[in-house]
2 protein chains.
Amino acid sequence: MKLKEFAKQVGLSPTTVSRALSGYPEVSETTRARVVAEALRLGYRPDVNAVRLKTGRVGAIGVIMGRSGEFHFAEFMAGMAERLASEDIDILVIPMADRDLNEEMQTYRRLAESRRVDAIIVHSPKPNDARIELLDRLGIPFFVHGRSDIAVPHAWLDIDNEGAIRRSTEHLLDLGHRRIAMINGRKGLTYSIHRDIGFRKAFEGRALEQDAQLIAHDTFTDELGFRHARFFLESSNPPTAIVAGSMMTALGVYRAVRSLGLAIGEDVSVIAHDDVFPYLTAENMAPSLSASRSSMRAAGARCADLTLQVLAGRSVSDIHELWPVELNLRESTRPVR
Amino acid sequence: MKLKEFAKQVGLSPTTVSRALSGYPEVSETTRARVVAEALRLGYRPDVNAVRLKTGRVGAIGVIMGRSGEFHFAEFMAGMAERLASEDIDILVIPMADRDLNEEMQTYRRLAESRRVDAIIVHSPKPNDARIELLDRLGIPFFVHGRSDIAVPHAWLDIDNEGAIRRSTEHLLDLGHRRIAMINGRKGLTYSIHRDIGFRKAFEGRALEQDAQLIAHDTFTDELGFRHARFFLESSNPPTAIVAGSMMTALGVYRAVRSLGLAIGEDVSVIAHDDVFPYLTAENMAPSLSASRSSMRAAGARCADLTLQVLAGRSVSDIHELWPVELNLRESTRPVR
């Protein structure tokens, strides 16, 4: 039913009906009560776009979906969906070609102008992230999944990447490994920088040398995990242990080790960071995979929750959550031969 | 910049500016040209919500995200995103608790009333699907991923589920297997019905008996694949081969076979349907997995494309695509002992 039709049925002008339903003070409480009762009785619902023009709320949180990292993205979004299912708030997914900062910035401008979302969640920030500065300047509420050193106040949630990789590496050092390789995420992102620091600190804590040649930075895929692991293992001075940045990477590392006739655990120890994909579990791998662990889905749910708190007016400077990461040791890490 | 401000700068009333930019005939072409030129020069962009109120287009396609099947959903959505990245069209994901038809129907009513999407894509239909009837009645453009027998005309894309399972089963029969189990999708959905038919027809084509006890219907997860496979393999008359409905299911089947001290291929043949998850590839499994194959991501891209064609006015009765499914034989299927 359209506004005009409904207004006719209740015998009021469309303007009065519209004002009554939007809570404008020009309309008496008696009239408002009557309009609301009639709207319920006749099943009239105002055009949300029109209402939203007035209230400034659209009932959606925006996220940009690039072409890589989609498995992490899917888990994160599943978590957001769990939290938002009861809130009548949707997720606006903006498809984008990957790693194009200009396009992403352009998209944020467009979102701010078109007011299609109430808030935006930004992923994988850099220490000095231009997107955060832009969103702040645009005045659109936003939430950062990850961390940035930028001076602009912003709400964030991150996991302790440094601690996770430091402890994983220390475990390998405890087992006597000295040649340890790491397949980390893309260079320049805060989380991969934190992981590099954790890796280095584990060696420094024991006053041991770390070979910088044994660190790779790349996207987290099975294929790239395979290639980097093969490259390391076929070198003249191969590692005896590998730290894999993700479960996908670990899959590729397992394949690479086997493809060279070596055994996981016995010949090459492997430890990974596990974002908890329900279909790809560290304990079900053969042999079971030692891993630091933090649920990407739980992070998605909590980020959605904290974004709602930002929208409700909580100060962004108060919203800083750093999640500890647990370490689960299994069969893939063994004493060096 | 707001409309009022821009109107002041070009020396026209906000109404005239608004009409000029929306293409209303009341405004002369000269004025329109001037307003457009000034809007470009001053960087004014009309509020998309306001424009959309007039044009009736919002630039988004809606999909409902339930709590299960999220990996298929993520792949499908990645495909949609690839197709829509260049179109300035977003994806509105509506989070929902799973398998609640009432809530889903309510959501479609809300979407139709609030005009937040231009079209909706519906997944996993039933032969007689109430959602299709409702969407047709609501007058909101929609596209069906899968098939339904309902009389309401609708655009759809589906894969040849019957043919895929028929050929997979025939392959097992060719290898001498007679006790073949199938872990199919949820009961009552068109695709699982088509798969049941394909399974049955493979046996009928050879005039062989098929044991109905050897068919399970459930959600596609690693865990449920494991449980159903264990149940079948521990029965008094166990199968020598298993057809797994998805890659997740196949993971569980592999685990179940191994947990009983049996070998994949040698003791129990396994074949699956592979929706092509980049992180979980049939050829990289150990041993490599025989599978029918059709990319969920490609389906997502094509569904988005066809939905745009529906929006452009192409008759929904003309848009019926049935995709053939390829079969890749690998190490997991071997002659019966």
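Bear in mind that the values here come from a model prediction, so they are computed numbers and not experimental data. Just so it is clear, the values below take in all heavy atoms, side chains as well, and ignore hydrogens, waters and symmetry mates. So that the names make sense, note that chain A is the first sequence line, chain B the second, and so on, each numbered from 1.
Residues A:Ile91 and B:Leu92 fail the side-chain proximity criterion, which asks for heavy atoms closer than 4.5 Å.
A pairwise comparison of heavy atoms in B:Pro95 and A:Ala81 identifies CB-O, 3.3 Å as the closest pair. Annotation for B:Arg116 and A:Ala60: closest pair NH2-CB, 3.6 Å, computed over non-hydrogen atoms.
Here CG of B:Asp90 is found 12.0 Å from CE of A:Met96. Values are rounded to the nearest 0.5 Å. Distance check: A:Leu84 CG to B:Ile94 CD1 gives 12.0 Å after rounding to the nearest 0.5 Å. Here the CG atom belonging to B:Asn284 is positioned 7.5 Å from the CD atom belonging to A:Glu223, to the nearest 0.5 angstrom. The distance from atom OG1 of A:Thr281 to atom CZ of B:Arg255, rounded to the nearest 0.5 Å, is 6.0 Å. Considering CE of A:Met65 and CD of B:Glu82, their distance stands at 8.5 Å, rounded to 0.5 Å. One distance of note links CZ of A:Phe73 with CE of B:Met77; it measures 5.0 Å at 0.5 Å rounding.
Using a 4.5 Å cut-off between heavy atoms, A:Asp222 contacts chain B through its side chain alone, with no backbone atom that close.
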